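I have placed the structure first, in the form of structure tokens, so that the comments after it can refer back to it.
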There are 2 protein chains.
Amino acid sequence: MGWTLVVTPGQALFHEGDRADRVFTLTNGCVKLYKLLPDGRRQVTGFLFPGDFLGVSVFDEHAFTAEALGECQLCWFPRSRFDRYVETQPAMERELYRAAAHELAAAQQQLVLLGRKTAAERLASFVLELADKASRSPERAGRFVDLPMSRSDIADYLGITKETVSRALSLFKSQRLIRLETLNRIEILDAEGLKDVADGGLEF
Amino acid sequence: MGWTLVVTPGQALFHEGDRADRVFTLTNGCVKLYKLLPDGRRQVTGFLFPGDFLGVSVFDEHAFTAEALGECQLCWFPRSRFDRYVETQPAMERELYRAAAHELAAAQQQLVLLGRKTAAERLASFVLELADKASRSPERAGRFVDLPMSRSDIADYLGITKETVSRALSLFKSQRLIRLETLNRIEILDAEGLKDVADGGLEF
DNA sequence: CGTCGGCTTGAGATAGTTCAAGAGCGGTGG
DNA sequence: CCACCGCTCTTGAACTATCTCAAGCCGACG
């Protein structure tokens, strides 16, 4: 029902502007999506986890680059085949719409983060977002949150620098909100406290 | 085929969290969409112009507040009626999907703006975005761009302060990129120059 | 066990914010 | 029709969160 594809860490599945002629489902590993400005500034628009779909688009060209974070395994189809399949399945059309609406709502939430939150609020929101995603997956649940991406990737997702990410993490450690089990794995010690930080602290 | 509604300047059509039980089309006037943080910080997520749809959502609750900029005239239907109509029209389902995908692409472009652009780049992008929208409408075309929203609204859309908006406009005036015909109407003197600013200047 | 690359921490620079006046426009009433 | 008033917009000056640049640190890997 499709072809299997294995990509190495850092390898791009496709670039912004490439012809969108394949659709993927991520079976193993994580992927980052980003857009670049002409001078190299980068905005990460999202991260994908096992089970996520990729490359479905109503446009001819991809609007962003997709790059493997670690080693990834994917399953892909030609887009033409996918489109033909969708046309025969009215329920699928609806499902695509629902998925796009969810992505749109998430993007609008991210607009608030990028437009109006402080560095600490951004990082707290990010940790909780990952924790929330993990809690829905059977296996990855619990107080621990994996960070499969680098500090730079987090920074480019949150619209800050990698140094500011480090400093905010250190701040949270000193406040006993989190603990770094390893460099890429956070233990949440105080989810409530983190939530308070994420939405602007307790002001009144 | 629906009811007419006239709202006065500053009046909200609905608030974030309200039950989404009506769909609208804006026949006259302009609307701003925004989300608030608990402490009052605001992120404007978009502006609507005559002909735009509003309130179509797969969710039960509105994800943002919609507020009239000036006096507005709208046409609305109960959502239940709209949903029933969509179900009978497979082409409509597809059109909704296409619309959501376009909004998503626009939101991702705005993520780049909010995450990585400087104040001047943000304002230049904004002016060009309005000019581009206007150029598609038969009547509003030309070098002139109307700003139906306040400086604060622009600021909250671009993730900066109203003072910074003013300063960037003054900068563009001094560089002969634009002229303010009136406070709320810009004449674009150098679209190319504005484009260069919008995407990070000419670096090489 | 040493090296390399990413992470953390520090110190100084800065873009943008905040706070504070003034200026200009539009609306109102004399 | 003009003068006044209120509000938004502009400009200025000081402040600050974040960035930039520069070491050291530390963990992963050979």
Side-chain angles (χ1 to χ4, degrees), chain A residues 8-10 32 37 39-43 69-71 113-124 126-127 146-175 178-186 197 200-201 203, chain B residues 8-10 32 37 39-43 69-71 113-124 126-127 146-175 178-186 197 200-201 203:
Chain A
T8 57
K32 67 182 172 201
L37 287 173
D39 65 356
R41 277 173 288 174
R42 192 172 66 133
Q43 179 65 38
L69 284 174
E71 178 149 305
L113 183 149
L114 292 174
R116 288 298 177 223
K117 288 190 181 179
T118 67
E121 290 163 6
R122 293 178 198 209
L123 194 68
F126 176 67
V127 171
D146 280 316
L147 304 176
M149 67 296 284
S150 72
R151 301 293 191 264
S152 284
D153 292 335
I154 298 174
D156 285 346
Y157 181 61
L158 300 179
I160 54 184
T161 60
K162 59 188 190 306
E163 291 93 335
T164 300
V165 171
S166 262
R167 282 187 252 269
L169 281 174
S170 298
L171 180 68
F172 292 169
K173 276 190 289 185
S174 76
Q175 294 173 152
I178 64 167
R179 193 175 73 84
L180 284 186
E181 204 214 12
T182 74
L183 267 184
N184 293 314
R185 168 167 263 228
I186 288 175
V197 173
E203 356 248 347
Chain B
T8 57
K32 67 183 171 200
L37 286 174
D39 65 356
R41 278 173 287 174
R42 192 172 65 135
Q43 179 66 39
L69 285 173
E71 178 150 305
L113 183 149
L114 292 174
R116 288 300 177 223
K117 288 190 181 180
T118 66
E121 289 162 7
R122 293 178 197 207
L123 194 68
F126 176 67
V127 171
D146 281 316
L147 304 176
M149 67 296 285
S150 72
R151 300 294 191 263
S152 283
D153 292 335
I154 298 173
D156 285 345
Y157 181 60
L158 300 178
I160 54 184
T161 59
K162 59 187 190 308
E163 291 91 337
T164 299
V165 171
S166 263
R167 281 187 252 270
L169 281 175
S170 298
L171 180 68
F172 292 169
K173 276 191 290 186
S174 76
Q175 293 173 153
I178 64 167
R179 193 175 73 83
L180 284 187
E181 204 213 12
T182 73
L183 267 184
N184 294 315
R185 167 167 264 228
I186 288 175
V197 173
E203 355 248 350

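Since the model is a prediction, treat every value here as computed from it, not as a measurement. So you know, we letter chains A, B, ... as the sequences are listed, proteins then strands, and number each from 1. Values below: all heavy atoms of this structure, side chains included; hydrogens, waters and symmetry mates excluded.
The CD1-C1' distance, from B/I154 to C/dG16, rounds to 17 Å in whole Å. Across the protein-nucleic acid pair, A/L158 atom CG and D/dC19 atom P stand 11 Å apart, rounded to whole Å. If you measure from atom CG of B/L147 to atom P of C/dC25, you get 15 Å, rounded to the nearest angstrom. Remark: P of D/dG27 and CZ of A/R185 are 17 Å apart, rounded to the nearest angstrom. In this structure, B/E163 atom CD and D/dC9 atom P are separated by 11 Å, rounded to whole Å. One interatomic measurement links the two molecules: CG of A/L171 to C1' of D/dT18, which rounds to 14 Å at whole-angstrom precision. Rounded to whole Å, the distance from NZ on A/K173 to P on D/dC26 is 11 Å. Nucleotide D/dT8 holds its C1' atom 9 Å from the NZ atom of B/K162, rounded to whole Å.
For B/T118, whose side chain is taken as the heavy atoms from C-beta onward, the closest listed nucleotide among D/dT11, C/dT17, C/dG16 is C/dG16. The side chain of A/S170 has C/dT8 as its nearest neighbour among C/dC25, C/dT18, C/dT8. Considering only the side chain of B/S150, D/dC9 comes nearest among D/dT11, D/dC9, C/dT9. Of the candidates D/dC19, D/dT10, D/dG27, the closest approach to any side-chain atom of B/R151 belongs to D/dT10. Nearest to the side-chain atoms of A/A119 among the listed nucleotides C/dA11, D/dT18, C/dT8 stands D/dT18.
Within the nucleic acid shown, A/L180 comes within 4.0 Å of sugar-phosphate atoms alone, with no base atom in reach, counting heavy atoms only.
The nearest heavy atom of DNA chain C to A/R116 and to A/V165 marks one nucleotide each, and the one closer to the 5' end goes with A/V165. Residue whose closest nucleotide on DNA chain D sits further toward the 5' end, between A/T182 and A/G159: A/G159.
The phosphate of C/dT8 (OP1 or OP2) has no side-chain N or O of A/R167 nearer than 4.0 angstrom. Phosphate contact (OP1/OP2 of D/dC19, side-chain N/O of A/T164, threshold under 4.0 Å): present. One finds no side-chain N or O of A/S166 lying less than 4.0 angstrom from the OP1 or OP2 phosphate oxygen of C/dC7.
Looking at B/R122, its side chain has no donor and acceptor atom pair within 3.5 Å of the base of C/dG16.
A salt bridge links B/E181 with B/R185; the closest basic N to acidic carboxylate O contact falls under 4.0 Å.
Here the straight-line distance linking atom CG of B/L123 with atom CG of B/L171 works out to 9.5 Å at 0.5 Å rounding. One finds the CG atom of A/L69 at 10.5 Å from the CG atom of A/N184 (value rounded to the nearest 0.5 Å).
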Acceptor/donor pairs from residues 151-158 of chain B side chains to any protein atom, 3.5 angstrom cut, sequence neighbours excluded:
unit_1, atom_1, unit_2, atom_2, d
B/R151, NH1, B/L183, O, 3.1
B/R151, NH2, B/L183, O, 2.9
B/D153, OD1, B/K32, NZ, 2.8
B/D153, OD1, B/R42, NH1, 3.4
B/D153, OD1, B/R42, NH2, 2.9
B/D153, OD2, B/K32, NZ, 3.3
B/D153, OD2, B/S150, N, 3.4
B/D153, OD2, B/S150, OG, 3.3
B/D156, OD1, A/R116, NH2, 2.8
B/D156, OD2, B/R42, NE, 2.6
B/D156, OD2, B/R42, NH2, 2.7
B/Y157, OH, B/E129, OE1, 3.2
B/Y157, OH, B/E129, OE2, 3.0

